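Each remark here refers to the structure printed beneath this line.
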Amino acid sequence: MNSVASKTSDVLVMTTEGEEFLEEVCSIPGGESVRWCIQCGMCSASCPNVAQMDNSPRRTIALIHAGRRYDVLKSNTMWVCASCYLCTVRCPKEVKITELMHALERLSTYYGLTTKRTTTATMYRAFIDSIKSNGRVHELGMMMKYYLTTVLTGKTNPFSLVKMLPLALNLMLHRRMTIKPTRIKGAEQIKTIVERAKALGGVK
Amino acid sequence: MKYYSYFPGCSSSEGTAVAYGLSTQAICGPLEMELVELEDWNCCGTTPYSSTDELASVAVATRNLALAEKTGLDLVTPCSACYTSLNRANSQLRQYPDLRDKVNDCLTSVGLEYKGTVRVRHLFEVIYNDIGLKVIESKVVNPLSELKVAAYYGCQLVRPEPGFDNKYNPQSLDEFIVSLGAESTPFPLKDRCCGSSLVIPEVDIALGLIHKLLESAASGGAKCMVTVCPLCQTNLDAYQAMASRKFGTRYNLPILFFTQLLGLALGVEPKALALDKNIISTERVLARFTSKSAERAPATSKSAIERESSLRTKALLKGRE
């Protein structure tokens, strides 16, 4: 363990498992910056969605330092991050908080801890499936897949979709939705790239 | 004539922000710039991909950079999300050698290679820096006098990369509005978030943000808002009615792409700017400018513009060979 982490353990009581979690977060590109956090709270003060978060961004970093893997990864915090980067540019210690949120989303998925209260992950999957099959995102197809999945898994009340109808109709009437997806010539290349990335085991 | 490699992004090419793509093409002629569409580009991946699989997301984004590197031109995109994720790929590859090796391995499997030389730029930044507001001012034939516009930067034009404008209090879009003869109104929340893609899974959160933005812009006296991002436009325009219902307001604020406003001032035929695709009608606010613009502009249809553009592209590619 390097010196920065030992300094951290002077002020927080950590279990071995807890230390593992901090190390794990720090080993992810962008995640290493959590070591620089001084808990000033600028990130939480800047966040437009902090009111909807289980843990504020500041608290999330404190929990990472305390090794509380479950509390961090089970929360909805990263799933309501809109990636506006206001926290990132305001942080006096240059902690890459938005990058950290993306990393926590990946970890939460990896450990199967994603909270059932969010459907953001489902939207992400529909989005990526669209890229994998066509090379580009087909917005209508992606949204249909998202709503179908969330309705079938009981996360969206089908009747609540009624209020989405005027929106969908307006987009259609103004010809802002294409019915047919565009498939790029290199769609097979995308598949090959994604398969190769999987074979390489990704990056932490 | 200035040449660039062009990355329209999924929504501007034919999706919810197709008006952005069309109006971008329409202003190239008057501004003497040529956007050569990157052949067979793919989705940049944006937040959904980088929040799911780091290696695959950077590799997929880098395919575009590898294709662009062959052209030797700067890669220009009108989409703030594409701008951020393509820039992110560049900076992750620079910072993390392990990631770079693996991404190169992925690209080699499809016969591509990326050396890391492509500069990713936002269309607005290109117009602001390379064309310049002085030149734009001299080309304005239809000054948008007394039009009160709120300049909405959104998040990812000015953040997180150390960009071309102040990241805490950007001014470029305000200056741009003034150069068109219009008036830029006070808009304290000009760089705050519209909710982006969270509008799908977390619609209530996004509607709250949309409401705050509309309120801030309208209280500054704006009669319309101008954006530089397809997602911002869709959220503020298409979801405006839903936000109004939820919060009992009625702003009826047209949300324009900066290219639409620019085209109008440059005397481009309104049809080519796809103003009819705006859900909150722009007619009430822009009527006095669109009629003037239509009188002045030669009758160029969308297909004529596209034909001319493709001829210019062919000539360019031939010249490069």
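What you see is a predicted model, and the numbers here were worked out from it, not measured in a lab. Chain letters run A, B, ... following the sequence lines, proteins first and then strands; every chain starts at 1.
- The nearest pair of heavy atoms linking B/Glu54 to A/Pro29 is OE2-CB, 4.1 Å.
- Contact of the A/Glu139 side chain with the B/Cys10 side chain is not registered, since no non-hydrogen atoms from C-beta on lie closer than 4.5 Å.
- Proximity to chain A (any heavy atom under 4.5 Å) is shown, for B/Asp105, by both the backbone and the side chain.
- A heavy-atom distance below 4.5 Å is not found between the side chains of A/Trp79 and B/Ser51.
- Contacts of B/Tyr96 with chain A are made by side-chain atoms alone, with heavy-atom separations under 4.5 Å and no backbone atom involved.
- Residues B/Ile200 and A/Met142 have side chains in contact (heavy-atom distance under 4.5 Å, counting atoms from C-beta outward).
- Residue A/Leu169 holds its CG atom at 10.0 Å from CD1 of B/Ile279, rounded to the nearest 0.5 Å.
- For the set A/Val80, A/Ile128, A/Thr119, the count of heavy-atom pairs under 4.5 angstrom toward chain B peaks at A/Ile128.
- Counting only distance, with no hydrogens or angles, the side chain of B/Ser196 and the backbone of A/Ala82 share a donor-acceptor pair below 3.5 Å.
- Interface residue B/Leu99: backbone and side-chain heavy atoms are both found under 4.5 Å from chain A.
- Closest of all the heavy-atom pairs between A/Gly202 and B/Lys102 is O-NZ, 2.8 Å.
- Neither the backbone nor the side chain of A/Lys155 comes within contact range of chain B; no heavy atoms are under 4.5 Å apart.
- Considering only heavy-atom pairs separated by less than 4.5 Å from chain B, the leading option among A/Ala199, A/Pro48, A/Gly186, A/Ser46 is A/Gly186.
- Between the CZ atom in A/Arg136 and the OG atom in B/Ser13 there is a gap of 5.5 Å [rounded to 0.5 Å].
- For a residue to count as touching a neighbouring chain, one of its non-hydrogen atoms must lie under 4.5 Å from one of that chain's; by this rule B/Ser109 touches chain A with backbone and side chain alike.
- The backbone N or O of A/Cys84 sits less than 3.5 Å from a side-chain atom of B/Arg159, completing a donor-acceptor pair.
- Looking at B/Thr108, neither its backbone nor its side chain comes within 4.5 Å of chain A, counting heavy atoms on both sides.
- No other option in A/Met164, A/Glu195, A/Met177 has as many heavy-atom pairs under 4.5 Å with chain B as A/Met164.
- The OG1 atom of B/Thr16 sits 7.0 Å away from atom CG of A/Leu171, with the distance rounded to the nearest 0.5 Å.
- The side chain to side chain contact (heavy atoms under 4.5 Å, CB included) test with A/Gln189 is passed by exactly one of B/Val60, B/Asp40, B/Val110, B/Leu107: B/Val110.
- Listed by first then second residue, pairs satisfying salt bridge (charged side-chain N to carboxylate O under 4.0 Å, His left out) with a partner in residues 114-135 of chain A read A/Asp54-A/Arg117, A/Asp129-A/Lys145, not counting sequence neighbours.
- No side-chain heavy atom of B/Asn42 sits less than 4.5 Å from a side-chain heavy atom of A/Ile131.
- In this structure, the side chain of A/Arg176 engages the main chain of B/Lys277 through a donor-acceptor pair within 3.5 Å.
- In this structure, B/Pro160 and A/Thr98 have side chains that are not in contact, with every pair of non-hydrogen atoms separated by 4.5 Å or more.
- Residues B/Leu55 and A/Ala197 come closest through the heavy atom pair CD2-O, 3.6 Å.
- Taking CZ from A/Phe127 and OG from B/Ser197, the interatomic distance works out to 7.0 Å, rounded to the nearest 0.5 Å.
- With chain B as partner, the option from A/Val89, A/Ile190, A/Thr122 having the largest number of non-hydrogen pairs under 4.5 angstrom is A/Val89.
- A donor-acceptor contact closer than 3.5 angstrom is absent between the side chains of B/Thr52 and A/Glu105.
- For B/Ala241, no part sits under 4.5 Å from any heavy atom of chain A, backbone or side chain.
- In this structure, the portions of A/Ile193 lying under 4.5 Å from any heavy atom of chain B include both its backbone and its side chain.
- Side-chain contact between B/Arg245 and A/Lys163: absent, with no pair of heavy atoms (C-beta onward) separated by less than 4.5 Å.
- The main-chain N or O of B/Ser50 is found under 3.5 Å from a side-chain atom of A/Arg106 such that the two form a donor-acceptor pair.
- Only the side chain of B/Thr84 comes within less than 4.5 Å of a heavy atom in chain A; its backbone stays farther off.
- With rounding to the nearest 0.5 angstrom, the OH atom of A/Tyr124 is 8.5 Å from the OG1 atom of B/Thr46.
- Under a 3.5 Å cut-off, the side chain of A/Tyr85 and the backbone N or O of B/Glu161 do not form any donor-acceptor pair.
- Within the 4.5 angstrom heavy-atom criterion, only side-chain atoms of A/Glu99, from C-beta onward, approach chain B.
- Contact annotation for B/Asp237: only side-chain heavy atoms (C-beta onward) come within less than 4.5 Å of a heavy atom of chain A.
- We find the CD-OG1 distance between B/Glu202 and A/Thr118 to be 5.0 Å, quoted to the nearest 0.5 Å.
- If you measure heavy-atom distances from A/Asn170 to chain B, the contacts under 4.5 Å come from both the backbone and the side chain.
- With hydrogens and angles ignored, the 3.5 Å screen pairs no side-chain donor or acceptor of B/Tyr239 with any backbone N or O of A/Leu167.
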